Peer 1: 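Please see the structure below; I have some questions.
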There are 2 protein chains.
Amino acid sequence: MENIKEDRRIRRTKKLLKQALAQLMDEKDFKDITVKDITERADLNRGTFYLHYTDTYDILNKIEDEILKNIQNMIDQNIEKTNASDSVIPALKPIAEYIMENADICRCLINNKASVDFIEKFQNLIYDNCSDIIKRRHNVKDSKQNEFYLSFITLGIIGMVKKWLETRPMVSAEEIVVFVDQIMTYSSAALK
Amino acid sequence: MENIKEDRRIRRTKKLLKQALAQLMDEKDFKDITVKDITERADLNRGTFYLHYTDTYDILNKIEDEILKNIQNMIDQNIEKTNASDSVIPALKPIAEYIMENADICRCLINNKASVDFIEKFQNLIYDNCSDIIKRRHNVKDSKQNEFYLSFITLGIIGMVKKWLETRPMVSAEEIVVFVDQIMTYSSAALK
DNA sequence: GTAATAATCAACAAAATGTTTATTATCATT
DNA sequence: AATGATAATAAACATTTTGTTGATTATTAC
């Protein structure tokens, strides 16, 4: 899958560039961030950026994908637990915990005015991991209704996560997951 | 509020620029669209663009705001009807109809990878117009739960609208609104 | 018909983009 | 420690985009 191990210099450079971008995104709109901004902040040559990324949107996407890959791994590690249970809580809890641990960068990405990509990818991740459970729980007749329901639920959850990331001090992962489960359970009654 | 009436030349220019942008957004990512692209497509001088907008993000925002202003007007015109009823259907139906009529541009804005602004603004609009009704229907105790619930619902609705805009042929406005109402009604039980 | 002003054209400086070449620094490996 | 591979640098470059300017033409409202 991935190259046995990247050269230490490459790891260092990519890390510095990503850190620099994350910093800058806290300071201004993504659209106003240039390659020069990033490399200056990272204290690297501008040309070095182009050795690893094509443009600012490319590095942003890589950051997003990394976060989502980590979340997917969390889920995969708990897949047995999830299948054993009939609740979505075991599936959602590790995600919530990971988001809690990486709240700063997640808040940054979810609020980022540059791209709906992250939200869309996140929604797809939730869909891919929850739709089976939901479908199993409610043997839905009308597939059209089911599709709308899943779109509603999956983006709705992101709405909650977004609100959650704004709470100070942050509501616990446990608490938010229980509430997500509640709201999913009740709203699914609309399918009957 | 607005200047009695804009010069006909200005109206024409703005319209051409907006049309050109809408066309281009169907063809490529917003981030790759330049001022030159827009003015060339509109067959106008590049300098003319800067007489009306500061940059590509500015004109995009203006288009978004116009759509949302129209939706808000639809709602305001039916405010009495909405207050009389205790359902959200009268509030949502004119919105759904307007979206249906302007499906192309709405699909463009809601899927636009350049900006989460539209979705955020749209969510706020739904919130502003529905939160009172929801709060009235369910006298919620825990305000924290209530906030999460509203974030869930308002973005969830947008998820459905997004899915709805992808249906071919498009599901009727009537149908989608009834389903939104259903799902809102049932999911609100999670607040009890 | 006239005064006001929008749009055009051409030119411009400044900034950002993306690429290239030669050079230096660091790496993994033995 | 020495070595071959390669990442990062520095400097330069053409190209594109950005905003702005001033003079001119065309259209508008009245």
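Below, chains carry the letters A, B, ... as their sequence lines are ordered, and counting in each starts from 1. Because the structure is predicted, anything quoted here is derived from the model rather than measured. All values below come from the heavy atoms of this structure, side chains included, with hydrogens, waters and symmetry mates left out.
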Peer 1: Select base, sugar-phosphate, or nothing to describe what B:N45 touches, counting heavy atoms under 4.0 Å on all strands.
Peer 2: base
Peer 1: Do A:R11 and A:D7 come close enough that some side-chain heavy atom pair is under 4.5 Å?
Peer 2: no
Peer 1: Mind calculating the distance between CZ (A:R11) and C1' (D:dT6) to the nearest angstrom?
Peer 2: 15 Å
Peer 1: Taking the nucleotide of DNA chain D with the nearest heavy atom to each, does B:V35 or A:L51 sit closer to the 5' end?
Peer 2: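 Result of the comparison: A:L51.
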Peer 1: Just by distance, with hydrogens left out, do B:N129 and B:Q72 show a side-chain donor and acceptor under 3.5 Å apart?
Peer 2: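 Side-chain D/A pair, B:N129 to B:Q72: present.
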Peer 1: From the 5' end of DNA chain C to its 3' end, which nucleotides mark the outer limits of contact with chain A, defined by a 4.0 Å heavy-atom distance cut-off (strictly under)?
Peer 2: C:dA16 to C:dA28
Peer 1: Figure out the CG/P separation between B:L44 and D:dT25, and round it to whole Å.
Peer 2: 20 Å
Peer 1: Take A:F179 and B:F152, measure what side chain to side chain contact (heavy atoms under 4.5 Å, CB included) needs, and give me the verdict at the end.
Peer 2: CA-CA 11 Å; A:F179 194 53; B:F152 177 87; over 6 Å; no
Peer 1: Do we see a donor-acceptor contact under 3.5 Å between the side chains of B:N45 and B:T48?
Peer 2: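 Absent: no donor and acceptor within the cut-off.
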Peer 1: Could you give the CG-to-C1' distance, from B:D7 to D:dC30, as a whole number of Å?
Peer 2: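 Value for this atom pair: 12 Å.
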Peer 1: Tell me whether A:K62 is salt-bridged to A:D58, with the criterion being a basic N under 4.0 Å from an acidic carboxylate O.
Peer 2: yes
Peer 1: Decide, yes or no, whether a salt bridge links B:K69 with B:E64 under the criterion of side-chain N to carboxylate O below 4.0 Å.
Peer 2: no
Peer 1: Counting only pairs under 3.5 Å, give me each side-chain donor-acceptor contact of residues 102-110 of chain B, with atom names and distances, residues two or more places apart or in other chains.
Peer 2:
residue, atom, partner, partner atom, Å
B:D104, OD1, B:R107, NH1, 3.2
B:R107, NE, B:L165, O, 2.8
B:R107, NH2, B:L165, O, 3.3

Peer 1: For B:I10 and D:dA29, what is the distance between atoms CD1 and C1' respectively, to the nearest whole Å?
Peer 2: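 About 12 Å, once rounded to whole Å.
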Peer 1: Five pairs per end, C1' atoms only: what is the angle between the end axes of the helix from C:dG1-D:dC30 to C:dT30-D:dA1, to 10 degrees?
Peer 2: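 Angle reported: 60°, given to the nearest ten degrees.
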Peer 1: Judged by each residue's nearest nucleotide on DNA chain D, which is more toward the 5′ side, A:R46 or A:H52?
Peer 2: A:H52
Peer 1: May I have the distance from B:D32 (atom CG) to D:dT16 (atom C1'), rounded to whole angstrom?
Peer 2: 13 Å
Peer 1: Please report, rounded to the nearest Å, how far the C1' atom of D:dA7 is from the NZ atom of A:K14.
Peer 2: 12 Å
Peer 1: Using a strict 4.0 Å threshold on nitrogen-to-oxygen distance, state whether B:K121 and B:D65 make a salt bridge.
Peer 2: yes
Peer 1: For B:R9 and D:dA29, what is the distance between atoms CZ and P respectively, to the nearest whole Å?
Peer 2: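 About 7 Å, once rounded to whole Å.
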Peer 1: Can we say B:E6 and B:K14 salt-bridge, meaning some charged N sits less than 4.0 Å from an Asp/Glu carboxylate O?
Peer 2: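 A salt bridge links B:E6 with B:K14.
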Peer 1: In whole Å, I'd like the distance from the CZ atom of A:R12 to the P atom of D:dA8.
Peer 2: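 From A:R12 CZ to D:dA8 P: 8 Å.
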Peer 1: Got a donor-acceptor pair under 3.5 Å from the side chain of B:R8 to the base of D:dT28?
Peer 2: no
